[in-house]
**Student:** 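Got a structure here, written out as structure tokens. Questions coming.
Whatever order the structure lists them in is the order used to number ligands and atoms, beginning at 1. Worth knowing before you read on, the calculation uses all heavy atoms, side chains too, and leaves out hydrogens, waters and symmetry mates.
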Amino acid sequence: MELHIVCIPGDGIGPEIVAEAKKVLNKVAEKYGHKLDMKDVLMGGASIDAYGVPLTEETIAAAKAADAVLMGSIGGDPNTSSWYQLPPDRRPEAGLLGIRKALNLFANLRPAYLYPELAAACPLKEEISRAGFDMLIMRELTGGLYFGERRTVTENGVRRAVDTLTYDENEIRRIAVKGFEIARKRRGKVSSVDKANVLDSSRLWRAVVNEVARDYPDVKLEHVLVDNCAMQLVKDPAQFDVILTENMFGDILSDEASMVTGSIGMLSSASLNDTKFGLYEPSHGSAPDIAGKDVANPIATVLSAAMMLRYSFDLDAEADAVEEAVRQVLKDGYRTGDIMSKGCTLVGCRQMGDLLAERI
Ligand code: NAD
């Protein structure tokens, strides 16, 4: 199979971690007989330095022409980088919002998986972490409160701020379909999260999710109120497979879920549109504090590449092989600094990439 991938190394540790993900992808291509066509483009701070803007038309066109985009991370230290002297729409993060919009990436996927070898980093009680968990948060990314009309007015000397939360049934249906499709590739359970006891938008959400569920009789559906879901995530995270939810609830719950794993350098993510196309990136930022030192953990980016193989290319065996390589490296006791524990072997970013590639 021919895989056309655009890579956005980005800023900070971005180029280092993307290089290791490429190393692993090259090994996968060699072993499974695929032809990789990978092209680097600029975005974020690197694009500001080269072209004066965080996102160019050329980068958008290159991304649109590819099957998938693999990204490192963008941005610098807001306290010291000159990029943050620019107006907000010219700063590195504006590139990120711009590309999500240009590519119509409405579905955000963030897995939260607890590796038994890293259970000590999990902040939950031992009896909970011992059970492990493996969930995926599917968040609607382009609608809801963050995109609704907003204004601040002063009436009779009193300031009033208004934000609006709207969803139409088509926006809900397309993300629900993604949620059920992905549950089929996992353990076949969807927990749809809303606040249907209060919000109209949630009542519509629940009704449309129920309609979509009829086409997926093999997938078990439950509805969970968002406040209860926040509690269940720390009480019994093992109960969840796919959590399907709207933009703001997903923003908050996905951060909560990633915190309970305890290891930010391990968490991948994907943003998808209604084709097979996706943008894949680690959940963490560009870590300017450790850039260029060969100490970053490349695993989140490598696991993002595994998601790309699974969701954009339907190469499940190849994705499994990458995920298994990660498990094996951890089992063999190799750690980067962020996940280091007593008795393990400390390795740098490049060596971690080599160890992963060797295990494909
Ligand atoms: P961060 O995730 O970059 O760093 C937080 C802490 O985690 C730091 O101590 C860092 O060293 C550590 N860390 C992060 N990733 C690591 C890895 N792979 N290996 C080892 N340690 C790792 O968050 P921040 O410091 O708040 O943000 C830094 C920059 O990243 C900012 O400019 C921010 O806007 C940007 N950012 C970009 C994205 C994105 O591109 N999607 C996401 C979040 C933050």
Side-chain angles (χ1 to χ4, degrees), residues 7-21 24 41-49 54-55 59 63 69-86 88-101 103 105 108-110 115 118 121 139 141 250-252 254-255 258-259 261-271 278-305 307 326 329-330 334-341 344 346-353 355-356:
C7 297
I8 303 176
D11 309 314
I13 59 171
E16 298 167 60
I17 54 182
V18 167
E20 301 317 307
V24 173
V41 297
L42 298 182
M43 205 180 92
S47 175
I48 296 174
D49 290 346
L55 177 65
T59 289
V69 174
L70 179 67
M71 195 167 93
S73 188
I74 54 119
D77 181 342
N79 297 315
T80 56
S81 164
S82 61
W83 297 328
Y84 296 89
Q85 310 294 320
L86 296 164
D89 63 340
R90 303 267 302 279
R91 292 180 191 171
E93 288 71 15
L96 199 55
L97 295 179
I99 200 159
R100 284 181 181 153
K101 196 164 169 215
L103 301 173
L105 302 171
N108 181 248
L109 282 65
R110 267 168 71 170
Y115 289 88
L118 303 182
R139 165 188 170 195
L141 204 58
D251 188 7
I252 298 166
S254 59
D255 269 14
S258 46
M259 268 318 294
T261 69
S263 7
I264 181 93
M266 304 288 299
L267 299 170
S268 54
S269 88
S271 300
L279 183 146
Y280 300 84
E281 59 177 322
S283 293
H284 59 72
S286 59
D289 53 329
I290 56 166
K293 296 182 179 159
D294 190 33
V295 298
N297 184 350
I299 293 180
T301 317
V302 168
L303 290 172
S304 303
M307 288 181 88
V326 170
V329 159
L330 294 177
Y334 295 105
R335 304 281 190 275
T336 45
D338 58 314
I339 52 171
M340 183 60 188
S341 59
C344 293
L346 182 66
V347 297
C349 184
R350 280 195 294 270
Q351 196 185 345
M352 180 56 93
L355 291 164
L356 291 166

**Student:** Quick one: does atom 15 (N) of ligand 1 have a protein heavy atom under 4.0 Å from it?
**Tutor:** yes

**Student:** What about P78: any of its N or O atoms under 3.5 Å from an N or O on ligand 1?
**Tutor:** no

**Student:** Under 4.0 Å from atom 28 (C) of ligand 1, do we find at least one protein heavy atom?
**Tutor:** yes

**Student:** If you look at every heavy atom in A21 and L70, which pair is closest and at what distance?
**Tutor:** CB-CD2, 4.0 Å

**Student:** In the protein, what heavy atom is nearest to atom 21 (N) of ligand 1, and what distance, to one decimal place, separates them?
**Tutor:** I290 CD1, 3.5 Å

**Student:** Nearest non-hydrogen atom to atom 17 (C) of ligand 1 belongs to which of N79, N297, T336?
**Tutor:** N297

**Student:** Would you say W83 contacts ligand 1, with heavy atoms under 4.0 Å as the rule?
**Tutor:** no

**Student:** Any side-chain heavy atom of T336 within less than 4.5 Å of one from Q351?
**Tutor:** no

**Student:** Just jot down the ligand 1 atoms closer than 4.0 angstrom to any heavy atom of I13, in number order.
**Tutor:** 17 (C), 18 (N)

**Student:** Hey, which of D338, I13, I290 is the one that makes side-chain contact (heavy atoms from CB on, under 4.5 Å) with N297?
**Tutor:** D338

**Student:** Tell me which part of D338 gets within contact of ligand 1: side chain, backbone, both or neither, using heavy atoms under 4.0 Å.
**Tutor:** side chain

**Student:** My question is simple, although I want it checked carefully: is atom 5 (C) of ligand 1 less than 4.0 angstrom from any protein heavy atom?
**Tutor:** no

**Student:** Could you tell me whether the side chain of T261 and the main chain of S258 form a donor-acceptor pair under 3.5 Å?
**Tutor:** yes

**Student:** Atom CZ in R100, atom OG in S271: separation rounded to 0.5 Å?
**Tutor:** 5.0 Å

**Student:** Can you list the atoms of ligand 1 that are under 4.0 Å from a heavy atom of A296?
**Tutor:** 19 (N)

**Student:** For residues I74 and L96, report the shortest heavy-atom separation together with the two atoms involved.
**Tutor:** CD1-CB, 4.0 Å

**Student:** Below 4.0 angstrom, counting only protein heavy atoms, does anything approach atom 36 (N) of ligand 1?
**Tutor:** yes

**Student:** Side chains of E16 and V295, heavy atoms from C-beta outward: is any pair under 4.5 Å?
**Tutor:** no

**Student:** What atoms of ligand 1 come within less than 4.0 Å of a heavy atom belonging to Y84?
**Tutor:** 32 (O)

**Student:** Side chains of I17 and H284: closer than 4.5 Å at any heavy-atom pair?
**Tutor:** yes

**Student:** To which protein heavy atom is atom 7 (O) of ligand 1 closest, and what is the distance rounded to 0.1 Å?
**Tutor:** I264 CG2, 4.2 Å

**Student:** Under a 4.0 angstrom heavy-atom cut-off, which atoms of ligand 1 come close to G285?
**Tutor:** 1 (P), 2 (O), 3 (O), 30 (O), 36 (N), 37 (C), 38 (C), 42 (C), 43 (C), 44 (C)

**Student:** Tell me: protein heavy atom nearest atom 31 (C) of ligand 1, and distance?
**Tutor:** G76 O, 3.4 Å

**Student:** Please list the nearest protein heavy atom to atom 30 (O) of ligand 1 with its residue and the distance rounded to 0.1 Å.
**Tutor:** S286 N, 3.0 Å

**Student:** Could you establish whether A300 and ligand 1 come within less than 4.0 Å of each other, counting only heavy atoms on the residue side?
**Tutor:** no

**Student:** What are the two closest non-hydrogen atoms of L55 and G95, and how far apart are they?
**Tutor:** CD2-O, 3.6 Å

**Student:** Less than 4.5 Å apart, any side-chain heavy atom of M352 and any of E20?
**Tutor:** no

**Student:** Atom 25 (O) of ligand 1: protein heavy atom closer than 4.0 Å?
**Tutor:** no

**Student:** Please list, in number order, the atoms of ligand 1 under 4.0 Å from a heavy atom of A287.
**Tutor:** 3 (O), 10 (C), 11 (O), 13 (N), 14 (C)

**Student:** Mind listing the closest non-hydrogen atom pair of P298 and A296 along with its distance?
**Tutor:** CD-O, 3.3 Å

**Student:** Can you name the nearest heavy-atom pair linking L86 to I48, along with the distance?
**Tutor:** CD1-CG2, 3.8 Å

**Student:** Mark up the atoms of ligand 1 that fall under 4.0 Å of a heavy atom belonging to L96, in ascending order.
**Tutor:** 39 (C), 40 (O), 41 (N)

**Student:** Provide, to 0.1 Å, the distance between atom 41 (N) of ligand 1 and the closest protein heavy atom, together with that atom's residue and name.
**Tutor:** E281 OE1, 3.1 Å

**Student:** Report yes or no: do D49 and W83 form a side-chain donor-acceptor pair below 3.5 Å?
**Tutor:** yes

**Student:** With heavy-atom distances below 4.0 Å as the criterion, list the atoms of ligand 1 near P288.
**Tutor:** 28 (C)

**Student:** Any non-hydrogen side-chain atom of I8 less than 4.5 Å from a side-chain atom of I99?
**Tutor:** yes

**Student:** Over all heavy atoms of both residues, which pair between S304 and S269 is shortest? Give the atoms and the distance, please.
**Tutor:** OG-N, 3.6 Å

**Student:** Between D77 and ligand 1, is there a nitrogen or oxygen pair with a distance under 3.5 Å?
**Tutor:** no

**Student:** Show the atoms of ligand 1 that are less than 4.0 angstrom away from any heavy atom in G75.
**Tutor:** 32 (O)

**Student:** Between D255 and R110, does any side-chain N to carboxylate O distance fall below 4.0 Å?
**Tutor:** yes

**Student:** Do ligand 1 and S283 have nitrogen or oxygen atoms that lie under 3.5 Å from each other?
**Tutor:** no

**Student:** Purely on distance, is any nitrogen or oxygen of E93 under 3.5 Å from one on ligand 1?
**Tutor:** yes

**Student:** May I ask you to identify the nearest protein heavy atom to atom 9 (O) of ligand 1, giving residue, atom name and distance to one decimal place in Å?
**Tutor:** D289 OD2, 3.1 Å

